[in-house]
Amino acid sequence: MATVDATLLQDLQSRGLINQMTGDDELVAHLSEEGRTLYCGFDPTADSLHIGSLVPLLTLKRFQAAGHKPIALVGGATGLIGDPSFKAQERQLNTPEVVSGWVDKIRRQVSQFIDFECGENAASVVNNLDWTAEMNVLDFLRDIGKHFAVNNMIHKESVKQRLDREGEGISFTEFTYLLMQSMDFAELHKRDNCTLQIGGSDQWGNITGGVELTRRQHRGKVFGLTLPLVTKADGTKFGKTEAGTIWLDPAKTSPYAFYQFWLNTADADVYKFLKYFTFLSVEQIEGLEKEDAERQGRPQAQGVLAREVTRLVHGDEGLAAAERITEALFSGGIEQLSESDLEQLRLDGLPSTDLPENFGEQSLINVLVDAGMAASGKQVKDALGRNAVLVNGDAIGMDANADPASAFTAERALFGRYFVVRLGKKKYQLFVAG
RNA sequence: GCAGGGGUUCCCGAGUGGCCAAAGGGAUCAGACUGUAAAUCUGACGCGAAAGCUUCGGUGGUUCGAAUCCACCCCCCUGCACCA
């Protein structure tokens, strides 16, 4: 029997990971007594989760480490409906085939964060389609629907803007999402004696719905706990960069790009993120913060954060790859790289492109845009005009635009065929001549 | 179905016949400063290296000229839909 660490909630509290919870002291007692079963849902809204899901995933892991049994629920059913919570607009429905494909991928992703082989409190993954697919409408309306008062539903903060805002509305389908998710909690309570649901702060309404339904249907006492929404000090959305969403899937966001994302965390956010996204103790993090404050210049926190999170998500190999590239590009000096180093960078996920045969006939701007280095030619033009395009360390001016061959010269090539092109301060791409 | 309101460039949001590729803000990109920060300043920001080209839900029309006017259509929202 796994021993229960009664200080779990204190730790979560001090990390700022508790937004709201039901029951307060009752929940504290509930979790201290023995190992409990808890769950968190992940809807398949894309073919991969992104870093927004990392907080709940890691929290499941924290609960497991403290002796509780986590269930990761993949929303094969709820993903077909669409959660309206705090969404400004009705969402486009995805086809069942598409959603079920995503379910498989997300099931695998979720699985890497929790332990399935630790005996007593081994994790499990479930799909809510299993208990909803066969349900008929009348049962749903009589057994589930009857427990919900529309009066309460329309007062939920999560759907308020959809109800109040001029120009928007909500379909019955999405309005029903609350019942679907509530049903999940009641079901897991019945079959696995699950007594706690965790989720993002936007899930509060859905979670309390489940708490009530479980009480009404099974007279069960269950709890809910929400995690904070991850915000940035500058007010911009967390988890996005110029290149788009940061995904957990290494095929969509390379470990290198992932590592760079965390490395670029603002000072104002980094200690908070360390508490959210790593397993370093709060004392360690505070110690680090103190050290950083005392020394001049660049803090070490970002590096610690990047290493810890990259290792959690992409493992030691992914981290090593990310560090190799970073080291080579930002501090090593590319001319010192060996040929095998360059090949390794390519394998490690540094964006790379084969230089087209006829590149000499195109404009340099075209070559770079086609390679995906910039969204439009204007950006490259701007960069060229400011000496912000470097090929193997040499600045390339605007006059090379009409004559790309003058940028990719044989003398400039590393080992006769490699060109590391830098656009701006942080964007690197490897071009390889054929 | 009826009655109202609405659909503008990534987002918000101005613009109601020429001065509009379309104000302003946000986001984003680049430069300076730096720590691959922040703040600040500068430039870019439909596409195109440029000449130029294509836009304001769609299609047609009026006009020398339309995001702006007209017609029809599509989509979204709100209200009504027993008595009427």
**Student:** Between G6(B) and G58(B), how far is it from one C1' atom to the other, in whole Å?
**Tutor:** 16 Å
**Student:** When the C1' atoms of C10(B) and U28(B) are considered, how many whole Å apart are they?
**Tutor:** 9 Å
**Student:** Do Gln302(A) and U36(B) have a side chain to base donor-acceptor pair shorter than 3.5 Å?
**Tutor:** no
**Student:** What nucleotide, of U36(B), C47(B), A30(B), holds the atom closest to the side chain of Lys427(A)?
**Tutor:** A30(B)
**Student:** How are the rings of Phe238(A) and Phe277(A) set relative to one another: parallel (under 30°), tilted (30 to 60°) or perpendicular (over 60°)?
**Tutor:** parallel
**Student:** Are the side chain of Thr265(A) and the backbone N or O of Gln302(A) linked by a donor-acceptor pair below 3.5 Å?
**Tutor:** no
**Student:** Under the 3.5 Å rule, do the base of U34(B) and the side chain of Lys425(A) count as making a donor-acceptor pair?
**Tutor:** yes
**Student:** If the C1' atom of U63(B) is compared with that of G13(B), how far apart are they to the nearest Å?
**Tutor:** 30 Å
**Student:** Whether Arg298(A) contacts U36(B) is assessed here as follows: a side-chain N or O lying under 4.0 Å from the phosphate OP1 or OP2. Is that the case?
**Tutor:** yes
**Student:** State whether a side-chain donor-acceptor pair under 3.5 Å links Ser182(A) with Glu212(A).
**Tutor:** no
**Student:** Write down the distance separating the P atoms in G1(B) and C53(B), rounded off to the nearest Å.
**Tutor:** 43 Å
**Student:** If you only use heavy atoms from C-beta on, which nucleotide in A27(B), C29(B), G35(B) is closest to the side chain of Thr236(A)?
**Tutor:** A27(B)
**Student:** Between A49(B), C47(B), A30(B), spot the one nearest the side chain of Asn401(A), thanks.
**Tutor:** A49(B)
**Student:** Do Asp382(A) side-chain and G31(B) base share a donor-acceptor contact under 3.5 Å?
**Tutor:** no
**Student:** If I pick the P atom on C76(B) and the same atom on G15(B), what distance separates them, to the nearest angstrom?
**Tutor:** 26 Å
**Student:** For the P atoms, the ones on A51(B) and on A22(B), what distance do you get once it is rounded to whole angstrom?
**Tutor:** 14 Å
**Student:** Please determine whether a side-chain nitrogen or oxygen atom of Lys378(A) lies at a distance below 4.0 Å from atom OP1 or OP2 of G43(B).
**Tutor:** no
**Student:** Please state the P separation for the pair A27(B) and A39(B) - nearest whole angstrom.
**Tutor:** 9 Å
